[in-house]
K.L.:
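Here it is, the structure in full.
Side-chain atoms are counted along with the backbone in the values below, which use heavy atoms only and exclude waters and symmetry mates.
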Amino acid sequence: MYDSDTDQTLADCLDRARKAQGSPSLRAIAARTDYSHTTVAKAFSQHVGDLSWPVIEQVGLAVGADPVVLHQLWVGAGEQPDVIVEAGNDTNSRAQHLPLVLWIVVLFCGAIAMGVMQAIDDNVAHTTFIADLVQIVFMTGTTVILIKRAIDAHDNNDRPSSLFFSLLALGAASWASGRLMWFIERQLLHDDMPTGLLAGSGFFLMPICVGAALWMSSGLHGAGNWRRPWRSAVTCVGLVACPYTLAILLLTALGLRTDGLILLYAILPAADIALAMMALAPMLCGYRIFGSAVSVIGLLAAAASDVGYLLLRADPEVTVYPPTAALGYVVFTIAFSVYALISRPLPASIRPVIPLGPKWLHAQDIVAVGTGISCVVALGCAASVIRMTTEEDVGVVMFLVTIFVGSALALLGIVAPRS
């Protein structure tokens, strides 16, 4: 039996949080959850005790209520705290998730078919054509999905979420346009190793847009304050410089080319790895675990292909890119399209961190320590490259990286304890 007084207190807590947010409509709240507006309505009524914790949690996050307080009230209402009831118990929720399930099945089957084709087809032209075309189609579809979600958020007067999805859409569109230029150069102009900066500009714009979106998400989920530019700058410098200097150190150790164009394209795998680290932020704060995992897998797959292409580009004996080098990009486009469907709108305010480990291990401390370690590793790799290479361009770049990273590390040590 439920304690009806506790139920009313739980409903009152949600109602007060809703009023503090300006009393958004039930449909507007439902748009920020995985449930229908009829299910959301129960959370503000005497039937709140009939709802499972996942429903209460999502409704509470949508209206800015404290999830810790809500969980205590919900437990007091008679539910077991460790029992997870799937969203599929709601008929409308099942209908909403059906397109996502079908899309994942289609992508999974398509990825298997493409992998099999890569293995059995000896015609490089065929497999290269299919690999390039699949990436364009998947990323174009992802762009359309993200634009639709940005428009929906704008219609619900949710400006942070509208900006979040717009940045993701711009990043997806930039990557798709870069891949289209690459497709034209390779398939129509018969350039087996495209090096045009027109195609590269799209690839370089994608990390900027997606990085801005992920930083907004990490800040609002409690990992840091995305409104403080210096923290953003220090973290980004550390996260990008570490894999970048590691990539240059790898090229130098293997004796491969490290000219200006190679130094420029080495930014791509570094940016993808940095984005993967940023995508972990909501997970560290106890939110969006599945979405974070999907995005991290996709970004690391893209980084794997970036590293492969970088090594091939730097090898003077390579005259053509093998189609298998693009498999990481295919995984990335599939994961990004799934993320576009499952990612939720941003919370209206900064969320309290839900510790995943000891209480003293705070997400912001993890970010600060990770930034510091990244900066130290970057400085070590830059020093090693300067000692190993005789190339003037590489030495100058590593010297500049040392200055930026050293300044960022000093800023982190001096300013962070006072903030």
K.L.:
Tell me, do Pro269 and Pro243 make a side-chain contact under 4.5 Å, heavy atoms counted?
P.N.:
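Of all side-chain heavy-atom pairs linking Pro243 with Pro269, none is under 4.5 Å.
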K.L.:
Does any non-hydrogen side-chain atom of Tyr265 lie less than 4.5 Å from one of Leu268?
P.N.:
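Leu268 reaches Tyr265 side chain to side chain.
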K.L.:
With Met278, which of Leu299, Val296, Leu239, Ile273 fulfils side chain to side chain contact (heavy atoms under 4.5 Å, CB included)?
P.N.:
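When side chain to side chain contact (heavy atoms under 4.5 Å, CB included) is applied between Met278 and each of Leu299, Val296, Leu239, Ile273, only Leu239 qualifies.
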K.L.:
Indicate the atoms forming the closest heavy-atom contact of Ala43 with Val48, along with that distance.
P.N.:
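Looking at all heavy atoms of both residues, the shortest contact is O-CG2, 3.6 Å.
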K.L.:
What are the two closest non-hydrogen atoms of Leu167 and Ala212, and how far apart are they?
P.N.:
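So the minimum-distance heavy-atom pair works out to CD1-CB, 3.9 Å.
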K.L.:
Within a 6.0 Å radius of atom CZ on Phe44, are there more than 12 heavy atoms belonging to other residues, nucleotides or ligands?
P.N.:
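Buried by this count: over 12 neighbours within 6.0 Å.
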K.L.:
So how far is it from Leu133 CG to Phe138 CZ, rounded to the nearest 0.5 Å?
P.N.:
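Answer rounded to 0.5 Å: 10.0 Å.
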K.L.:
Check for me whether the distance between the ring centres of Trp215 and Phe164 falls short of 6.0 Å.
P.N.:
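They do not qualify: ring centres at least 6.0 Å apart.
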K.L.:
Could you report the tightest heavy-atom contact between Ala281 and Ser218, atom names first, then the distance?
P.N.:
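For Ala281 and Ser218, the tightest heavy-atom pair comes out as CB-CB, 3.2 Å.
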K.L.:
Would you confirm whether Ser166, through its side chain, and Ser162, through its main-chain N or O, come within 3.5 Å as a donor-acceptor pair?
P.N.:
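Yes, Ser166 side chain to Ser162 backbone: donor-acceptor pair under 3.5 Å.
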K.L.:
Backbone N or O of Asp315 within a donor-acceptor pair of the Arg257 side chain at under 3.5 Å?
P.N.:
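Answer holds: no.
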K.L.:
What's the shortest heavy-atom distance between Ala279 and Ser295, and which atoms?
P.N.:
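For Ala279 and Ser295, the tightest heavy-atom pair comes out as CB-OG, 3.4 Å.
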K.L.:
Is there side-chain contact between Thr142 and Thr333, with at least one heavy-atom pair below 4.5 Å?
P.N.:
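Thr142 does not reach Thr333 side chain to side chain.
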K.L.:
Establish, from distance only, whether the side-chain atoms of Ser36 and Thr39 form a donor-acceptor pair under 3.5 Å.
P.N.:
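Result is yes, a qualifying pair exists.
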K.L.:
If we only count heavy atoms from C-beta on, is the Val137 to Thr140 side-chain gap below 4.5 Å?
P.N.:
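When only atoms from C-beta onward are counted, Thr140 and Val137 do not touch, as no gap falls below 4.5 Å.
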K.L.:
Would Val330 and Gln135 satisfy side-chain contact (heavy atoms from CB on, under 4.5 Å), going step by step from the backbone distance to the final call?
P.N.:
CA-CA 6 Å; Val330 174; Gln135 296 170 59; 4.1 Å; yes
K.L.:
Drop me the distance from Leu146's CG to Ile151's CD1, to the nearest 0.5 angstrom.
P.N.:
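If I round to the nearest 0.5 Å, the distance is 11.0 Å.
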K.L.:
Any heavy-atom pair between the side chains of Arg344 and Gln58 that's under 4.5 Å?
P.N.:
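With C-beta onward as the side chain, the pair touches.
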K.L.:
Within the distance-only criterion (no hydrogens, no angle test), does the side chain of Tyr244 pair as donor or acceptor with the backbone N or O of Leu263 below 3.5 angstrom?
P.N.:
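Confirmed, Tyr244 side chain pairs with Leu263 backbone.
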K.L.:
Short question: side chain of Arg149, backbone of Ser343 - any donor-acceptor pair under 3.5 Å?
P.N.:
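Looks like yes, one N/O pair under 3.5 Å.
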K.L.:
Could you please spell out the steps behind the side-chain contact (heavy atoms from CB on, under 4.5 Å) verdict for Arg313 and Leu256?
P.N.:
CA-CA 9 Å; Arg313 191 189 302 273; Leu256 300 177; over 6 Å; no
K.L.:
Roughly how far, to the nearest 0.5 Å, is the CG atom of Leu163 from the CE atom of Met216?
P.N.:
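With rounding to 0.5 Å, CE (Met216) is 4.5 Å from CG (Leu163).
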K.L.:
Take the angle between the ring planes of Tyr329 and Trp175 and call it parallel below 30°, perpendicular above 60°, tilted in between.
P.N.:
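Plane angle over 60°, so perpendicular.
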K.L.:
Indicate yes or no for a side-chain donor-acceptor contact from Thr258 to the backbone of Val394 under 3.5 Å, with no hydrogens or angles considered.
P.N.:
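Side chain of Thr258 to backbone of Val394, a donor-acceptor pair under 3.5 Å: no, none is there.
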K.L.:
Any side-chain heavy-atom pair from Leu70 and Cys13 closer than 4.5 angstrom?
P.N.:
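They are in contact (side-chain heavy atoms under 4.5 Å apart), so the answer is yes.
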K.L.:
Using the rule given for side-chain contact (heavy atoms from CB on, under 4.5 Å), can you reason through Asp272 versus Met206, listing the C-alpha separation, both sets of side-chain angles and the distance that settles it, and then say yes or no?
P.N.:
CA-CA 10 Å; Asp272 286 338; Met206 185 278 289; 3.7 Å; yes
K.L.:
Taking all heavy atoms of Ile29 and all of Ala62, pick out the closest pair and write down the distance.
P.N.:
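Nearest pair, atom of Ile29 first, then Ala62: CG2-CB, 3.8 Å.
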K.L.:
Return the CZ to CD1 distance between Phe165 and Ile145, rounded to the nearest 0.5 Å.
P.N.:
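So the CZ of Phe165 and the CD1 of Ile145 are separated by 11.5 Å.
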K.L.:
Can you confirm whether Arg27 is buried at CZ, in the sense that more than 12 heavy atoms of other residues, nucleotides or ligands lie under 6.0 Å from that atom?
P.N.:
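Not buried by this count: 12 neighbours or fewer within 6.0 Å.
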K.L.:
Dump the intermediate steps for side-chain contact (heavy atoms from CB on, under 4.5 Å) on Phe203 and Trp182, then the final yes or no.
P.N.:
CA-CA 10 Å; Phe203 298 140; Trp182 178 285; 4.2 Å; yes
K.L.:
Can you tell me if Arg18 uses its side chain to pair, donor with acceptor, with the backbone of Pro24 under 3.5 Å?
P.N.:
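A pair under 3.5 Å: yes.
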K.L.:
Main chain of Ala302, side chain of Ser305: is a donor-acceptor contact present, judged purely on distance under 3.5 Å?
P.N.:
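A pair under 3.5 Å: no.
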K.L.:
Does Ser161 use its side chain to pair, donor to acceptor, with the backbone of Leu346 at less than 3.5 Å?
P.N.:
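Such a contact is found between Ser161 side chain and Leu346 backbone.
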K.L.:
Is there a donor-acceptor pair under 3.5 Å between the side chain of Thr245 and the backbone N or O of Cys242?
P.N.:
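At least one qualifying donor-acceptor pair exists.
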K.L.:
Might you point out which heavy atoms bring Leu300 and Ala276 nearest each other, and give the distance in Å?
P.N.:
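Here Leu300 and Ala276 meet closest at CD2-CB, 3.7 Å.
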K.L.:
Which distance, rounded to the nearest 0.5 Å, do you find between the CG of Asp393 and the CG of Leu261?
P.N.:
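With rounding to 0.5 Å, CG (Asp393) is 11.5 Å from CG (Leu261).
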K.L.:
Compare all side-chain heavy atoms of Leu246 with those of Leu250 and state whether any distance is below 4.5 angstrom.
P.N.:
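No, every pair of side-chain atoms sits at 4.5 Å or beyond.
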K.L.:
Would you compute the distance between atom CG of Leu311 and atom CG of Leu251 and round it to the nearest 0.5 angstrom?
P.N.:
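Reported to 0.5 Å precision, the distance equals 6.0 Å.
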